[in-house]
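Note that this is a predicted model, so its numbers are computed, not measured.
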Amino acid sequence: MHIEFGSDIDTQANTDYVREAGENHFWDKACLFRSGRDALRLLAKSLYPAHKRAFMPVLSCPSMTEPFQKNGFQVVYYPMRKDFSADDHFLDEHLADGDVLLHMNYFGIAPEHGHIHRQLRNLVTIDDRTHSLRQAMEAQCCADHMLFSVRKWVSLADGGLLLSKKQIRPNYDVYDSAYRDAKQQAMDKKSAYLQNGAPETKETFLRLFAQAEQQLDSDNSVMEMSKESARVLKTTDFSSVEIKRKKNAELLFQMLPEYALLPHVKEGPLFFPVMVKNQKEAQEHLAQNNIYCPVIWPIQQSASGVCAFSENIAAHMLAVPCDQRYSPKEIEYIGGKVREAARP
């Protein structure tokens, strides 16, 4: 049994998900980047100044807005409906010719591309499918661009994918391995910690993970995916990863139906979302039991007051780990501790 659950993936998480023969070809036509953020930077840099406004859902993380804000864009947050679709009335009223519209895929709930796209000229649409491995594997672009941060799903030190309707030749900056090196060291140290449980090893991998993310946060370059990660991408059995996550999420749903955010498990998710009244206290209780449940979409200050539904999700949702690292017994342990933490 693991000695901790959640947080960053370690080096060994792919052990049971390597294809013995052949290669997968899910993303043969994709441009390969160090991260999803690098892909968004490429788009932002190539679109500006012909396009100057980017519309983002209120439920989005800073890593989605930063590439546009750093490269001259005004970011406008749009509200969500209770089914996680975009508020079309808001978009009808505010979108103009030449804007950029980013949709999120929440837990397998695909964004709808409505009549707005046909009414406006030079509207650029982006689908972020990071939270839907199954729909990312379909690799069908309904929008102008489809983004997927693959490094969040498996043991990859770096990795972001971009598929576009029109072929793109990415203008990568000179490769710098600093981010990948720090991330790989952190993943190796975490694997060691899961074996030896030494507190000093945990301090080291936490420091290295933080160092890697700090570098990505402060950077504005566009880096390609490392050759090492590109090889792993080709030989990872993503279909089995998604199936395992779905089974784990279904087990959590059976244990926690009254806390589940969604009425059923649609597909294997990045996290299993639960709603609790006492978010901070529940998060602390779970951390004391070595279960780490992040708040993945904190409301940005400039998005405050735009969408009450989104603010309720941000204030009460916890992202419970359900990934391929964990056995049914471990998932039962996680579910039991979540129930303890969620009680008023």
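For the side-chain contact (heavy atoms from CB on, under 4.5 Å) with L42, the lone residue among N71, I168, D173 that qualifies is I168. Test R180, M225, K183 against R151 for side-chain contact (heavy atoms from CB on, under 4.5 Å) and you get one pass: K183. Among I334, V274, V320, the single residue meeting the side-chain contact (heavy atoms from CB on, under 4.5 Å) criterion with C293 is V320.
When the shell of 6.0 Å around NE2 of H25 is examined, it contains more than 12 heavy atoms from other residues, nucleotides or ligands. Summarising the local packing, NZ of K45 is surrounded by more than 12 heavy atoms from other residues, nucleotides or ligands at distances under 6.0 Å. Heavy-atom neighbours of K70 NZ from other residues, nucleotides or ligands within 6.0 Å: above the threshold of 12. For N171, the CG atom sits in a loose shell: 12 or fewer heavy atoms of surrounding residues, nucleotides or ligands are nearer than 6.0 Å. Heavy-atom neighbours of K165 NZ from other residues, nucleotides or ligands within 6.0 Å: above the threshold of 12. With a 6.0 Å radius and a threshold of 12 heavy atoms from other residues, nucleotides or ligands, K247 has its NZ atom at or below the threshold. Sparse packing is recorded around NZ of K189, with 12 or fewer heavy atoms of other residues, nucleotides or ligands lying under 6.0 Å away. Within a 6.0 Å radius of CD in E138, other residues, nucleotides and ligands contribute more than 12 heavy atoms.
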For this session: Determine, step by step, whether Y259 and R339 satisfy the side-chain contact (heavy atoms from CB on, under 4.5 Å) criterion, reporting the C-alpha distance in whole Å, the side-chain angles of both residues, the deciding distance to 0.1 Å, and the verdict.
Result: CA-CA 8 Å; Y259 300 111; R339 178 171 290 281; 4.0 Å; yes
Exercise. Step by step, would you call E203 with R207 a salt bridge (charged side-chain N to carboxylate O under 4.0 Å, His left out)?
Worked result: CA-CA 6 Å; E203 291 175 5; R207 175 178 54 79; over 6 Å; no
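Scanning all heavy atoms of the two residues, the minimum distance from Q184 to A157 falls at OE1-CB, 3.6 Å. Taking all atoms of both residues into account, the shortest heavy-atom contact from E267 to H131 is OE2-O, 4.4 Å. Smallest separation of non-hydrogen atoms from V306 and P79: O-CB, 3.7 Å. Nearest heavy atom pair, residue L261 against residue F107, reads CD2-CE1, 3.9 Å. Residues A39 and F33 share a closest heavy-atom pair of CB-CD1, 3.8 Å. Minimum interatomic distance between I331 and C322 (heavy atoms only, all atoms of both residues): CD1-CA, 4.1 Å.
Remark: the backbone N or O of R81 is not paired with any side-chain donor or acceptor of S85 at under 3.5 angstrom. Using a distance-only test at 3.5 Å, with no hydrogens or angles considered, a donor-acceptor pair links the side chain of D10 to the main chain of Q12. Looking at E242, its side chain does come within 3.5 Å of a backbone N or O of G268 through a donor-acceptor pair.
Side chains of T65 and F73 form no contact here, defined as non-hydrogen atoms less than 4.5 Å apart. Between Y17 and V154, the closest side-chain pair of non-hydrogen atoms is not below 4.5 Å. Within the 4.5 Å cutoff, no side-chain heavy atoms of E228 are placed close to those of L156. Between T204 and Q185, every side-chain heavy-atom pair lies at or beyond the 4.5 Å cut-off.
Shown here are the salt bridge (charged side-chain N to carboxylate O under 4.0 Å, His left out) partners of D237, two or more places apart in sequence or in another chain: there are none. In this structure, the side chain to side chain contact (heavy atoms under 4.5 Å, CB included) partners of D219, at least two apart in sequence or on a different chain, are R34, R41, S221.
With respect to the salt-bridge test (charged N to carboxylate O, under 4.0 angstrom), the residues K329 and E332 do not qualify. Under the 4.0 Å criterion applied to side-chain N and carboxylate O atoms, D217 and R37 are assigned as salt-bridge partners. By the 4.0 Å N-to-carboxylate-O rule, R53 lies too far from D97 to be salt-bridged with it.
Counting only N and O atoms by type, the side chains of D188 and S191 include no donor and acceptor under 3.5 Å apart.
Distance OG1/T201 to CG/L206: 11.0 Å, rounded to 0.5 Å. To the nearest 0.5 angstrom, R245 atom CZ is 4.5 Å from D323 atom CG. Expressed to the nearest 0.5 Å, how far OG of S60 lies from OH of Y106 amounts to 6.0 Å. If you take CZ on F272 and CG on L251, they are separated by 9.5 Å, rounding to the nearest 0.5 Å. The CZ atom of R325 sits 10.5 Å away from atom CG of N14, with the distance rounded to the nearest 0.5 Å.
Relative orientation of the F209 and F205 rings is perpendicular, given thresholds of 30° and 60° on the angle between their planes. In this structure, Y78 and H103 have perpendicular ring planes: the angle between them is above 60°, well past the 30° mark.
Placement of V75 and L147 within a single hydrophobic cluster is found when ILVMFWY residues are connected by side-chain heavy-atom separations under 4.5 Å, directly or transitively.
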